[in-house]
Amino acid sequence: MLGWPWLPEWLGQPEWLGQPEWPERGGGPMAVIVLRRLGLLVVSLFVASLLVFALLRLLPGDAADVLAGTSASPDQVLRIRHEIGADRSLPAQYLHWIGGVLTGDFGVSALSGASVSAELSEKLRVTAPLVGGATLLALAVAVPLGILAAARHRRASGVALSALSQLGLAVPAFWIGLMLVTVFAVDWRLLPAGGFPADGWADPVAAVRALVLPAVTLAVVEAAVLLRFVRSATLEVLHADFIRTARSKGLTRGQALRRHGIRNAALPVVSMLGLEFATLLLGAVVVENVFALPGLGEMLVADIGNRDLVKVQGTVLLVTAAVLVVGFGVDLAHRLLDPRLRGAR
Amino acid sequence: MTGSVGALVRGVWGSRSGRLGAVLSGLVVVAAVVSLVWTPYDPSRVDPAASWAPVGTAHWFGADRLGRDLFSQVLVGARTTLVVAVAATAIAAAVGVGLALLATLPPRLVAEGVAHLVDVLLAFPVLLLAMVLAAVYGGSRWTAIVAIGVGAGIGLGRVTRGEVRRVLGADYVLAARAAGAGTGRIVRRHVLPNIAPTVWVQLSLILGLSVLTEAALSYLGFGTPPPTPSWGRMLSELQPYLTLRPLTLLWPGLAVVLTVLGFNLLGDGLREAGDPRLRERPAGGSDGAPRTAAAATTPASTTPAPPAPAPMAAVAPTAGSAPRTRLRWVRGEGRA
Amino acid sequence: ACGSDGGGDADGASASSGASASTGGRANPDATVTIGAVLEPTSLDITRTSGVAPGQILLGNVYEGLVKRDQKGVVSPALATSYKISPDGRTYTFTLADNAAFQDGAAVRAADVVSSLTKVIAPNSTNPHASDLASISAVASPDPHTVVLTLKERDSGLLFNLTGPAGVVVREGATGLDGHPDGTGPFRFDSWRRGDSITLVRNDAYRGPKAKVARVVFRYLTAPNAQNNAVRTGQVDVGVISDNDLVEAYRGNPKFLIAEGTTTDKFTLAFNQDRGPLADARVRHAIRQGIDKDGLIKVLGAGTRIGSPVPPLDPWYEDLTSIDRYDPASARRLLAQAGHGGGLRLGLTIPNIYPQSIGDYVASQLREIGVTVDLRRVEFPAWLTGVYTKHDYDLSIVDHAEARDLAFYVKPGYYFGDRSPQASDLAKAGATAASDADRDTALRALARRYSEDAIADWLLLGKARQVARVGVTGYPTDNVSATYDLSKIEVAKS
Amino acid sequence: MTAVREQADGGATGAEPLFEATGLVRSYRLARTSPFGPPGVRHAVRDVTLRLADGAALGIVGESGSGKSTLVRLLLGLDRPDAGTVRYRGRPVVAGRPRALRWFRREVQVVFQDPAASLDPRMTVGAAVAEPLACLGVPGDHDERVDEVLRAVDLDPDVRGRYPHEFSGGQRQRIAIARALAPRPRVLVGDEPVSALDVSVRAQILDLLGQLAERHRLGLVLVSHDLGVVARLCDQIAVMRGGTLVEQGATADVLSRPAHPYARALLAAVPRLPPP
Amino acid sequence: MTTDAAVLEVTDLRVRLGGVDVVDGVSFALAAGERLGLIGESGSGKSLTALAVLGLLPAGARVTGSVRLQGRELLGGSDRELSRLRGRDLAMIFQEPSTALNPLMRVGRQISEPLRLHRGYSRQAAARAAVELATAVGLPDPQRLVRSYPHELSGGQRQRVCIAAALACRPALLLADEPTTALDVTVQAEILALLGRLVAEAGTALLFITHDLAVVAAVTRRLAVLRRGRVVETGATDDVLRAPADPHTRALLAAARLTQWNLPAAGSAAARTSP
Ligand SMILES: Nc1ncnc2c1ncn2[C@@H]1O[C@H](COP(=O)(O)OP(=O)(O)OP(=O)(O)O)[C@@H](O)[C@H]1O
Ligand SMILES: Nc1ncnc2c1ncn2[C@@H]1O[C@H](COP(=O)(O)OP(=O)(O)OP(=O)(O)O)[C@@H](O)[C@H]1O
Ligand SMILES: [Mg+2]
Ligand SMILES: [Mg+2]
């Protein structure tokens with residue numbers, strides 16, 4: 001996959017989450033934390049927008065070439081370039097774009113003249129459920145199995161689960177997708193092989209059916225990562241002193257894990273989820289291509305091919321922003337879950 | 001450092017996953033080396049007569065539609081894979097460690113800027129970089145390598161930043177400063193050796209990740225271009241025939257899975273052999289297992305202590321015994 | 001109602017052709033047909049978008065021109081009920097159908113035609129197909145039912161070109177053509193899910209024979225695998241499957257029909273004659289002789305060998321495959337003569353939208369004659385900029401998909417580079433020929449000139465192959481990538 | 001500073017002071033308590049003035065969090081005070097470029113609390129002990145000096161090639177002391193040098209420190225939370241609480257007649273063994 | 001010593017960990033309300049002895065011998081059976097108060113957890129009991145404090161919380177494993193006093209583990225010295241400290257005396273500075 005499934009387990013701990021080493025400075029009342037993090041988010045988004053813009057200007061060829069194709073004359077190309085505004089200075093182009101973005105207008109596609117915002121929101125209707133569904137699926141599988149693998153880490157079942165997650169990490173996602181299509185769509189005809197209903201969510205059953213295999217594909221890899229994570233977080237907690245204390249009070253192993261362990265183990269997992277979100281979105285690009293799903297990722301690949309830079313910029317900024325915002329949310333969640341970071345006093 | 005390399009190797013070999021990982025990774029290296037001197041056929045030679053040749057003595061793994069020998073392609077693919085993986089990993093190491101140092105060493109303004117930049121970059125799709133590089137420089141092996149290397153390097157930088165920070169905050173760095181050591185010396189003699197175990201673990205995982213990413217990039221058409229055989233490209237070329245000729249896809253698929261598995265297991269082995277937490281609190285001696293000092297961990301203030309490490313005293317081993325086993329299986333993966 | 005009108009005649013090689021079969025009167029007028037297509041248009045504004053993709057869906061289905069062409073290239077009236085060409089060939093007079101209407105109900109007026117065509121030929125036109133109509137100097141309508149085109153000079157290709165995207169008639173003053181293509185054809189544009197599908201619905205107010213299905217969905221499936229799966233699982237009724245192995249898997253399956261047809265997809269290996277070793281004709285001939293086109297067709301499993309850019313369906317076709325026939329020994333000799341006996345290294349640029357195997361094959365073949373090829377796969381826009389515009393390449397492979405594009409190659413600054421003045425003269429003669437026979441003679445000579453000069457190598461002419469579910473009939477089988485005539489498709493009641 | 005007893009004894013104030021800290025203040029910024037209010041401040045060290053005569057031994061005691069380690073970092077020029085100055089033999093000690101403080105580091109060396117943490121686990125004992133010699137550009141044969149100081153702390157010079165984890169806690173602290181002695185300092189600063197050690201080992205290390213101080217005429221600054229430790233080695237004692245020195249004076253005086261209530265509480269709290 | 005009234009009777013306890021007998025045949029007994037000190041250097045097996053009694057040895061430990069609590073054999077009991085006893089009949093306080101508490105749970109709930117578990121207290125009753133217990137262990141402002149999280153308390157306060165939880169059910173036996181090692185001397189003095197008082201009030205037998213001889217002298221009447229997993233000496237605290245029989249105990253004591261500053265004995269330093 002194209003992300004960071006190799007993030008070490010301890011990265012989930014707050015001290016690794018980009019806070020200053022002395023906790024006091026990262027703490028404070030919730031309002032302060034939220035404000036500070038929001039400020040950081042805005043700066044990050046601005047930096048991201050600059051990065052996207054600059055990176056894309058490296059591309060050879062532009063939308064005017066694509067519009068003109070092979071039969072237009074050179075001065076026709078110039079006219080087209082002027083018409084779509086590709087001949088303006090870079091700062092002017094950036095300002096024009098970012099100015100629009102600030103008001104929620106991502107501009108129009110150079111090729112079709114269609115509103116980018118409208119298209120993004122349409123694509124999100126495929127990608128968001130895909131990524132969301134995959135996350136839920138992965139959690140639903142990885143959390144219980146990860147806890148099981150930790151609780152039984154000395155037994156064959158636990159070792160088998162670990163091995164399975166290792167395998168899950170080693171298989172290319174598109175490969176899993178192809179396999180699933182072959183079995184469930186082509187051989188058994190249970191689910192569609194790809195694509196999304198032409199009328200979108202008008203028929204929710206059809207839409208969900210179209211998303212099942214892609215979401216499962218995405219979830220398999222994600223679950224493998226998460227399982228390992230949940231397992232080691234749980235193992236870590238199982239041997240924490242406070243679990244021993246809890247057991248000295250008379251809680252059985254299971255009770256101690258349930259009442260004291262799970263929430264503590266959840267902390268690193270939550271942080272991990274935030275970091276994995278970027279991976280998921282990138283995985284979505286591949287999976288959407290495997291399943292011919294009209295989502296953000298599929299559009300991104302096509303748009304880069306067509307040099308529809310305004311659209312690419314919009315998409316990448318949206319994706320980056322989503323990751324940053326999720327990171328922000330996860331950070332807040334972490335602080336809510338962990339009173340030590342709430343800075344109550 | 002030199003003294004611990006041997007120990008590390010022994011440690012890796014001593015762990016079950018490490019050994020399996022070493023064997024699998026070794027296989028890939030052997031295949032790559034063999035491909036330098038011998039392949040049954042020229043892997044990119046088209047032979048219409050051998051189109052879809054079956055598995056047999058002529059073509060051990062069969063042939064593809066253009067009649068190219070699959071075994072030769074897999075063999076040479078190992079080389080490509082290794083080159084991509086190793087080169088990308090090397091770039092990742094340089095980028096990651098560099099960023100981590102920049103993000104932790106003074107001046108503080110630069111450090112914080114870099115730290116935030118890393119966070120933003122982490123949210124940035126690597127794929128885009130790969131596609132842009134492929135578009136600018138024409139999809140070559142190097143564009144994939146650079147994209148994967150930079151992408152992974154940013155992740156590594158994030159991970160390593162924490163490690164560097166941990167080392168910089170350690171007492172022995174303070175001691176070195178008190179002994180008159182400058183920043184350069186501290187980085188060279190203290191930081192780099194001490195983050196090395198974590199970085200090695202990460203790098204072994206990045207090796208695996210590079211293989212997967214290369215395959216995914218090739219699948220999307222941004223990976224290693226022909227005629228260089230690569231497993232990723234084989235997969236993407238052969239995937240239309242999944243239902244018709246599943247066997248042809250088995251070989252590159254298996255090669256990818258086993259290689260990634262090998263690298264990941266190697267990472268696990270490395271982690272078991274050189275767990276940073278274990279490393280930091282080695283075996284105590286008979287005349288005084290180090291106690292986490294009373295004063296150090298219980299400030300009378302309301303300092304929200306970050307999750308403090310388990311107290312040492314409770315699990316201090318006897319003199320000269322091996323590192324405590326308890327933490328071993330806490331951290332170790334896949335141990336029985 | 002039999003949907004066949006001759007155009008749908010199947011290629012003989014195929015077991016049976018969907019187009020020639022019929023539902024035997026049990027057609028379902030409410031049916032939806034889903035067509036699997038490969039290349040999605042970037043925009044539906046046909047006046048602004050290059051390439052064949054918009055035309056494939058819109059030409060003849062949503063938009064009509066004054067004239068139309070069938071799959072074989074035969075021109076017939078469309079929005080015009082009849083046309084007259086003056087003896088000097090410089091004045092074309094079209095009489096418009098009087099019951100033609102746009103899909104929003106407005107009647108088609110001569111002014112609409114005039115404005116449409118005038119926009120194309122205007123000096124500041126951004127229509128990428130403007131050069132198709134470059135010979136027109138003026139468009140006028142003496143009365144509401146007549147349109148008169150005045151030409152700068154005789155143009156034997158004009159009528160054909162008017163059937164293409166340059167000739168479509170849109171409403172005067174129409175805007176937002178990307179979102180609302182509004183034409184006069186038998187189908188109305190319904191919706192476009194970008195990245196996925198385009199839906200057309202029957203235009204019940206169409207003046208001619210009504211379409212036989214209620215809805216047509218073009219579903220875009222780029223990966224051959226996805227297209228194949230969609231056909232297999234019935235997600236599309238008709239799918240384009242060019243891969244031989246995949247097509248063969250359907251053979252003998254009673255649920256599917258394989259339809260094979262011709263195309264104008266000329267996979268062209270271009271030589272940059274402006275620079276480097278390829279300026280030397282011997283090297284070009286050597287390369288042509290070094291590539292076994294039959295072998296390529298064999299491994300691809302489909303395609304026709306052509307010796308020039310002229311496909312067999314064109315009236316001026318001549319079998320030139322004997323020029324530079326496969327002869328590696330001779331190729332090596334020629335290279336040695338040109339001073340490259342010790343080997344030659346050339347770059348080969350290919351847009352990444354084409355199958356990898358073509359480039360792999362060519363590279364492998366050229367290596368046998370001592371030419372080392374550095375393959376560069378680029379995205380199409382990078383090809384347009386680098387190769388097409390800047391001429392920065394040695395060898396390049398592209399599919400020249402346009403029909404009757406023989407004269408393109410003599411355009412000044414064309415990416416092939418330098419060519420003989422004779423060729424330009426022949427092209428001119430062909431364009432301004434007074435009769436079809438003259439035209440054919442000139443163009444035949446032109447094609448031979450190209451081939452003898454080795455301005456490029458024509459690797460193969462693609463074959464159109466579709467696999468359709470049994471029960472769907474009337475879909476076109478030839479040239480399906482440039483236009484796709486939906487008017488005769490019908491679906492049997494199930 | 002109100003409770004600071006006037007110095008009657010000449011031990012610390014006599015002649016020219018070796019070490020002199022005046023009005024040291026160091027505070028740490030804390031999190032804001034409201035979005036718009038000013039950030040909070042923790043005064044780790046506030047207005048501390050100290051003197052150390054050549055060859056004297058000063059003990060600083062105080063509870064956890066009283067600012068002892070912060071004070072040590074300031075004295076050593078490892079941290080910059082918000083206010084106040086540190087002078088060594090009259091020259092100001094200012095944290096900054098390592099090169100600029102070489103002269104100071106050659107004379108003042110430090111031993112930290114936890115030998116497991118203050119020795120780089122990836123550096124051989126030899127390299128660790130030689131580190132100050134290399135960093136400070138001490139002339140002479142470094143190898144020889146390393147052997148010498150290792151012997152001085154009762155370790156076999158053969159241990160040079162081994163790693164810290166191969167040693168017991170007490171041995172590790174000896175290594176740390178050897179490192180501190182290597183550049184022949186005149187003052188040895190110890191930040192809780194024995195708190196991490198077991199009782200039996202603690203005594204050994206204290207003995208060693210006492211011997212070395214005597215033999216090399218070392219000045220000692222010993223920070224501890226354990227009165228017993230300080231009482232054993234130091235002739236001067238300073239009691240620290242909440243960042244200030246609440247009591248200062250000759251050890252015997254302070255221990256027998258503590259003036260400040262906190263000092264009294266501290267003394268009373270120490271558990272005692274029954275007399276033999 | 002082994003009377004029928006013994007609350008705890010440990011006989012020939014052996015704990016094998018990683019192929020080594022880290023506890024090697026330890027026997028002792030504790031009568032109701034009695035306090036026994038268990039001392040020894042680091043690694044001598046003190047903690048493992050306590051954990052063996054509690055039945056919470058690290059996984060992989062093999063234990064033999066006999067541990068009887070109020071006449072009932074604990075070794076070999078199932079987790080479920082032992083759970084019913086832990087927290088009710090025997091409880092433990094650990095060395096490190098900062099990690100012994102669940103950082104995510106309010107301390108009030110952690111204090112009253114044994115009551116809810118063993119006495120079936122309702123949520124409200126438990127909350128009330130938590131405040132009472134917090135008051136009993138001398139926590140300031142108990143109403144508010146029970147709603148705090150562990151990190152908001154000082155080390156001494158945290159240890160008080162642990163004590164409150166351990167004594168909530170008035171167990172017959174309390175195991176205290178170096179409960180003050182992590183604390184400041186002043187705080188240590190308070191905690192020791194508190195512990196002594198509460199244990200006396202509740203009539204709980206106390207097994208007090210420490211390596212600090214002075215501390216053990218302050219808390220217990222009887223002590224056992226452990227070395228390498230074996231009891232090398234037992235006896236009345238005063239006797240042992242005054243006249244240790246075992247050479248090892250003697251060495252330990254000598255070392256401890258070195259840093260005792262029985263005034264006016266700060267002589268060594270004074271001697272040194274004299275010219
Ligand atoms: N989980 C474990 N795995 C292996 N050995 C262990 C484990 N826990 C303790 N030991 C070993 O058992 C022996 C006794 O340990 P124990 O913790 O009981 O010592 P202790 O007397 O409590 O020491 P301290 O005063 O340092 O707490 C030590 O040698 C230690 O190394
Ligand atoms: N980097 C820092 N940022 C914020 N506060 C700090 C920092 N370092 C120390 N403090 C605070 O300053 C005060 C004094 O700390 P210091 O470490 O000097 O105490 P100490 O006397 O050495 O305590 P101990 O006996 O625990 O070592 C404490 O309240 C501590 O929490
Ligand atoms: Mg300190
Ligand atoms: Mg213990």
Side-chain angles (χ1 to χ4, degrees), chain A residues 1-2 4-8 11 13-16 18 21 23-24 27 40 43-44 47-48 51 55-56 58-60 153-154 159 162-163 166-167 169-175 178 182 186 228 232 235-236 239-241 278 281-282 285-286 289 301 304 316 319-320 323-324 327 340-341 343 345, chain B residues 17 115-117 119-129 131-132 135-136 151-152 155 158-159 162 165 169 198 201-202 205-206 208-209 212-213 215-217 219-220 235 239 242-243 253 256-258 260-261 264-265 267 302-307 310-311 326 329-331 333-336:
Chain A
M1 292 298 300
L2 300 159
W4 333 112
W6 73 87
L7 286 175
L11 196 67
Q13 261 131 52
E15 53 178 310
W16 306 104
E21 53 260 57
E24 275 118 317
L40 207 62
V43 174
S44 301
V47 172
L51 280 172
L55 187 64
L56 290 178
L58 293 176
L59 286 172
H153 70 278
R154 284 159 170 266
V159 174
S162 295
Q166 273 289 9
L167 206 61
L169 277 179
V171 184
F174 66 88
W175 179 257
L178 290 173
T182 309
V186 177
R228 281 165 62 90
S232 57
L235 266 183
E236 187 91 333
H239 296 97
D241 277 3
L281 281 177
L282 282 172
V285 174
V286 180
N289 274 279
V301 175
I304 291 191
V316 175
V319 168
T320 311
V323 175
L324 289 173
R340 286 166 296 186
L341 299 177
R345 232 178 276 167
Chain B
S17 26
H116 290 318
L117 188 68
D119 284 344
V120 175
L121 288 175
L122 207 55
F124 210 73
V126 196
L127 183 68
L128 185 73
L129 183 67
M131 294 197 292
V132 169
V136 176
R158 174 60 131 67
V159 173
R165 197 181 264 174
T198 316
V201 171
Q202 292 295 305
L205 299 179
I206 290 177
L209 183 92
L212 282 179
T213 312
L217 284 177
Y219 177 80
L220 293 175
L235 281 176
Q239 56 116 341
L242 178 63
T243 44
V256 169
V257 171
L258 291 181
V260 177
L261 200 61
N264 283 349
L265 289 175
T302 59
T303 307
R326 196 188 99 180
W329 45 256
V330 171
R331 305 294 313 169
E333 287 276 351
R335 285 198 126 220

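We name chains A, B, ... by the order of the sequence lines, and we start the count at 1 in each one.
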Q. Checking A/Ala163 against chain B: side chain, backbone, both or neither under 4.5 Å from a heavy atom?
A. neither
Q) If you take all heavy atoms of A/Trp175 and B/Leu235, which pair is closest and at what distance? A) CZ3-CD2, 3.5 Å
Q: Give the minimum heavy-atom separation between A/Val286 and B/Ala216, together with the two atoms involved.
A: CG2-CB, 4.3 Å
Q | Under 4.5 Å from a heavy atom of chain A, the part of B/Leu258 involved | A | neither
Q: Of all the heavy-atom pairs spanning A/Pro172 and B/Val257, show the shortest one and how long it is.
A: CD-CG2, 4.2 Å
(Q) What's the separation between atom CD in A/Gln166 and atom CG in B/Leu265, rounded to the nearest 0.5 Å? (A) 4.5 Å
Q: Test side chain to side chain contact (heavy atoms under 4.5 Å, CB included) on A/Leu51 and B/Leu121 and set out the steps.
A: CA-CA 9 Å; A/Leu51 280 172; B/Leu121 288 175; 3.6 Å; yes
(Q) For the interface with chain B, which of A/Leu40, A/Leu167, A/Val186 has the highest count of heavy-atom pairs at distances below 4.5 Å? (A) A/Leu40
Q) Which pair of non-hydrogen atoms, one from B/Val120 and one from A/Leu324, has the smallest distance, and what is that distance? A) CA-CD2, 4.3 Å
Q | Which atoms of B/Ala215 approach chain A - backbone, side chain, both or neither, heavy atom under 4.5 Å | A | both
Q: Give the minimum heavy-atom separation between A/Leu178 and B/Leu242, together with the two atoms involved.
A: O-CD2, 3.5 Å
Q: Kindly give the heavy-atom pair with the smallest separation between A/Ala170 and B/Leu261, and that separation in Å.
A: CB-N, 3.7 Å
